[in-house]
Amino acid sequence: MKSLSSSRRRFLESSLAAGGLFALDSASAQDADPGTRQATGVKVGEVSDTTAVVWMRLTAEAGRRAQGYAPKFESLPKDVRPDQVRYACPGMEGRVRLRYATRENLSDAVATAWQDVAAKTDFTHQFALNSLRPNSTYFYSAESAGRGGAPVHKPLVGQFQTAPAADQYADVSFTAISCTGFRDLDHSDGYHIFPTMARLNPRFYVHTGDNVYYDSDDLQANSVATARLHWQRMHGQPRQIAFHLRTPGYWLKDDHDTLANDCWPGQAVKRMLPLTFNDGLAVYREQVPMSRLPYRTFRWGRGLQIWLMEGRDFRSPNTMADGPKKSIWGAEQKDWLFKSLLASSADYKILISPTPIVGPDRAKGKNDNHSNDAFHTEGNEIRAFFRKHLPERFLVINGDRHWQYHSVHPETGLHEFCTGAGSDAHAGGSPGYNKKFHRFHRVLGGFLSVSFRREKDRNTLRVKHHDVMGKEVYVHAWRG
Ligand SMILES: [Fe+2]
């Protein structure tokens, strides 16, 4: 018989001491409000000048479960249920609705209909809000109740700002992050970068992917239930909840939050079965606010427009021979991108990609992105397009690589800024400073901030790298 891991033994012993496994059901985090039933918070996403999508989830308890089995890098043992894992936030049947208003006291609130939630969607629902006022602050009360409407729970309250209309100049700042592994958390209440980013008061943030690591973190996902558990542990942290109640986001996904390292459609990973690539796509859509298409663009006033790219759903196998048929983005997404870039009148255009387009990447063994030889043909095609049509005021932000950098492509002049990893412990893997490409290179955690300012008919765009506590470690600015 395989010997029990020490954490598993501790878990079983403490469960027995407490009078059995079910004693865990009453354990909840002390820092949570006992009256609420939304232990994974509220996420506002896909914000435009007139629309937003609000994600809600009903949970059995107010907060995450502070006690429970602490998995190491392993599949969940058969005698441990997902809801018995430490920091699980099990769902509950009932109903949710959103009341939202431009007045903080919600006296002018619009209420959505109550929406029943059940196990099929992991007790989540996404409300699509329309006809919002541009460049306005909205306050909301995310309300929940038990099955049939009783009891009514204490709501979570939050706020967000809509984007300025396309014909209006407005100052806008946002932040971008990547690669938030659970094992490498730098604080037990959540990553330092969340309260740090909140202090900068960004209009929104972008998670460029690797939100969770199904295949390579403590707890290997091998079912839809254990994949969902990864999201509960990440978004049930008090710091993430507080951040998302004040800051809307746009979520991209990469390989680890789809299925596994460098994955592509149809791939199966034996040790993770029966969890499939398609399950991963469905769980992602269920766990973050999303639009119909995974690639999309958002205008933030006259000055700024962002494009959010999808890098997994449409890709060719990484192992395919490189050539004009091999693609990461797929023909439809690429066509949409090129047309929408050419049609945009925004002063600054920012492409946000889960993976690098400039790099440089690790020299050996990587066959996953546009900076690798494995996708050289498409990489050249898109870099040439950007050079020809967007020679100025266009830049790329990417995630995935666990180091921060600003690179300029030697042949095309394309600028790329990598957010870096979510914590210092999660940083690493860089090929080292490369003077042909790098204007900046740092192998520690942190995030990126971007600010657009309009002063006396002059534009300034600043891109800054920050460490996890917010200190600026690099800045690059464009004027005009
Ligand atoms: Fe990553």
Side-chain angles (χ1 to χ4, degrees), residues 73 175-186 190-194 197 205-221 227 230-231 233-235 237 240 249-264 267 269 272 277 280-281 283-284 287-288 308-313 315 318 328 352-372 374-375 396-405 407 416-431 441-448 465 467-468:
F73 176 52
T175 60
I177 66 170
S178 182
C179 297
T180 44
F182 186 78
R183 182 194 292 158
D184 293 326
L185 273 170
D186 49 15
Y191 275 105
H192 288 316
I193 54 172
F194 286 96
M197 289 192 294
Y205 93 115
V206 182
H207 198 308
T208 63
D210 288 349
N211 287 262
V212 294
Y213 286 74
Y214 291 146
D215 63 321
S216 51
D217 209 326
D218 289 341
L219 176 63
Q220 178 177 259
H230 276 261
W231 290 94
R233 293 195 312 187
M234 191 53 65
H235 285 161
Q237 297 173 57
Q240 268 90 323
Y250 300 101
W251 281 267
L252 309 187
K253 69 174 178 300
D254 196 17
D255 47 354
H256 300 284
D257 43 5
T258 300
L259 181 69
N261 192 38
D262 294 357
C263 58
W264 60 82
Q267 249 194 332
V269 179
M272 300 178 74
F277 186 93
L281 300 190
V283 171
Y284 192 83
Q287 295 297 332
V288 296
L308 306 171
M309 303 306 290
E310 169 52 50
R312 294 291 148 192
D313 300 25
R315 80 162 49 212
N318 292 0
I328 289 177
I352 306 182
S353 161
T355 51
I357 294 169
V358 173
D361 202 352
R362 285 201 291 274
K364 276 194 184 141
K366 287 304 284 185
N367 299 297
D368 188 57
N369 64 60
H370 287 121
S371 80
N372 300 141
F375 286 97
V396 174
I397 289 174
N398 68 293
D400 183 36
R401 306 299 63 202
H402 292 197
W403 59 95
Q404 295 185 318
Y405 65 78
S407 284
E416 178 168 274
F417 297 83
C418 180
T419 67
S423 70
D424 288 346
H426 202 55
S430 156
H441 173 264
R442 175 177 176 268
V443 193
L444 281 169
F447 63 95
L448 209 64
H465 283 96
D467 73 9
V468 297

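Atoms within a ligand are numbered from 1 in the order they appear, just like the ligands themselves.
Not counting sequence neighbours, the partners of Tyr250 by the ring-ring contact (aromatic ring centres under 6.0 Å, His included) test are Phe204, Phe298. Take His207 and apply the ring-ring contact (aromatic ring centres under 6.0 Å, His included) test, not counting sequence neighbours, and it matches no residue. By the side-chain hydrogen bond (donor to acceptor under 3.5 Å, both in side chains) test, Trp231 pairs with Tyr214, sequence neighbours left out.
Of all protein N/O/S atoms, those under 2.8 Å from the Fe ion (ligand 1) are Cys179 SG, Asp210 OD2, Tyr213 OH, His402 NE2, and waters are not counted.
Looking only at side-chain heavy atoms (C-beta outward), Glu310 and Lys253 come within less than 4.5 Å of each other.
Between Tyr213 and His402, the ring planes lie perpendicular to each other; the angle is over 60°, past the 30° to 60° tilted range.
Counted by atom type alone, Asn369 and Asp400 present zero donor-acceptor pairs between their side chains at under 3.5 Å.
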